[in-house]
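Working notes, structure below.
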Amino acid sequence: MKPAGAPPARGRPGPARIALFDIDGTLLLAGGAGRRALDRLFERRYGVVGAAAGIRPHGMTDPAILRQMLCGALGRSPAAGELEALALEYVELLGAEIADAPGFRLMPGLPDLLERLAAHANLHLGLATGNLARAAQLKLSRGGIDRYFAFGGFGSDAEDRSELTRIACARGRARARDGSAPAYVIGDTVHDVRAARAAGAECLAVLTTGASPEALRQEGARRVLEDLRDTAAVLDFLGVDGS
Ligand SMILES: [Mg+2]
C-alpha cells in the first residue's frame, strides 16, 4: 500500500482532484479593460466620471466592487435589483473593452501549464473567480483558454469569495462524481488564500501581482511561486504525476 499523498503510478489516471484557478493576475491581465468598463458604466448610468479610481479590485468580487463604487461615488447602498442591473450593463461594456484592450496578456507559463494539466483525465479544471460568469467567459475567450474550464464558482454566484469557492468545489466534485475529491486553489492574493482555506481547499499562490509571500503564507498558502512557469511545482502541488 502506498503512503497517503504519494503520487499515482505513471500511466494511471489517479484519484479525482479539483483544481480551481483565479483569473485576474493568475491566468491573465485584462489590460485595464475591467476598470475602463466600470468607469464607463458609472459615467453612463450616473454621470459620475472616474468612479473606479479609488478601487483596488485585486481579489474582490465584481458585485463587491460595484457595491463599493456605489458607496464611494453616490454615498449609498444599492437599491433592490440595482446590483443585478449594473452587472448586466457592466458585462456588455466589458465585452467592447476586452475586444480591443491592447495590454491584454496571458500570464507567464500559460497556456502551456493548462495544456499539461488537461492531459490528466481525473484532474478537473475549474475557476474560483470574483468575475461574473459572463465576464470570466469574455476574458478567457480573448486569451484562447476558455476551453480548459468546464465549471467554476463566480462573482455571479456569490458576492463573498469564500462562498463562491465553496460552490466551485461542490461543482467540481459533482463533475468528478466524487464527493470527497480534494480541491486546490491557485490564486494571486491573500483573498484567494483565505477563501480557499475557508472552503477547505489547499492554495498555491503566485507573486505575479506583487502580493507579499509572507502574507500569503501567513494566510495559509501551502505553496508560493513567482509565476506559473514552474509546471513541475504546480503538478507536485496538485499531487498529479508529472509524466
Ligand atoms: Mg486575482
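Atoms within each ligand, like the ligands themselves, are counted from 1 in listed order. Below, each value reflects all heavy atoms present in this structure, side chains not excepted, and no hydrogens, waters or symmetry copies.
- Enclosure of atom CZ in R56 is not indicated, since only 12 or fewer non-hydrogen atoms of other residues, nucleotides or ligands lie within 6.0 angstrom.
- Checking each of L228, L225, L20 against I186 for a side-chain contact (heavy atoms from CB on, under 4.5 Å) leaves exactly one that passes, namely L228.
- The side chain to side chain contact (heavy atoms under 4.5 Å, CB included) test applied to R134 returns V91, Q137, L138, not counting sequence neighbours.
- Applying the side chain to side chain donor-acceptor pair (under 3.5 Å) test to E202 and every residue at least two apart in sequence or in another chain returns nothing.
- Protein N/O/S atoms closer than 2.8 Å to the Mg ion (ligand 1): D22 OD2, D24 O, D188 OD1.
- In this structure, the side chain to side chain contact (heavy atoms under 4.5 Å, CB included) partners of D146, at least two apart in sequence or on a different chain, are L140, S141.
- The side-chain contact (heavy atoms from CB on, under 4.5 Å) test with D157 is passed by exactly one of E163, R166, R171: R171.
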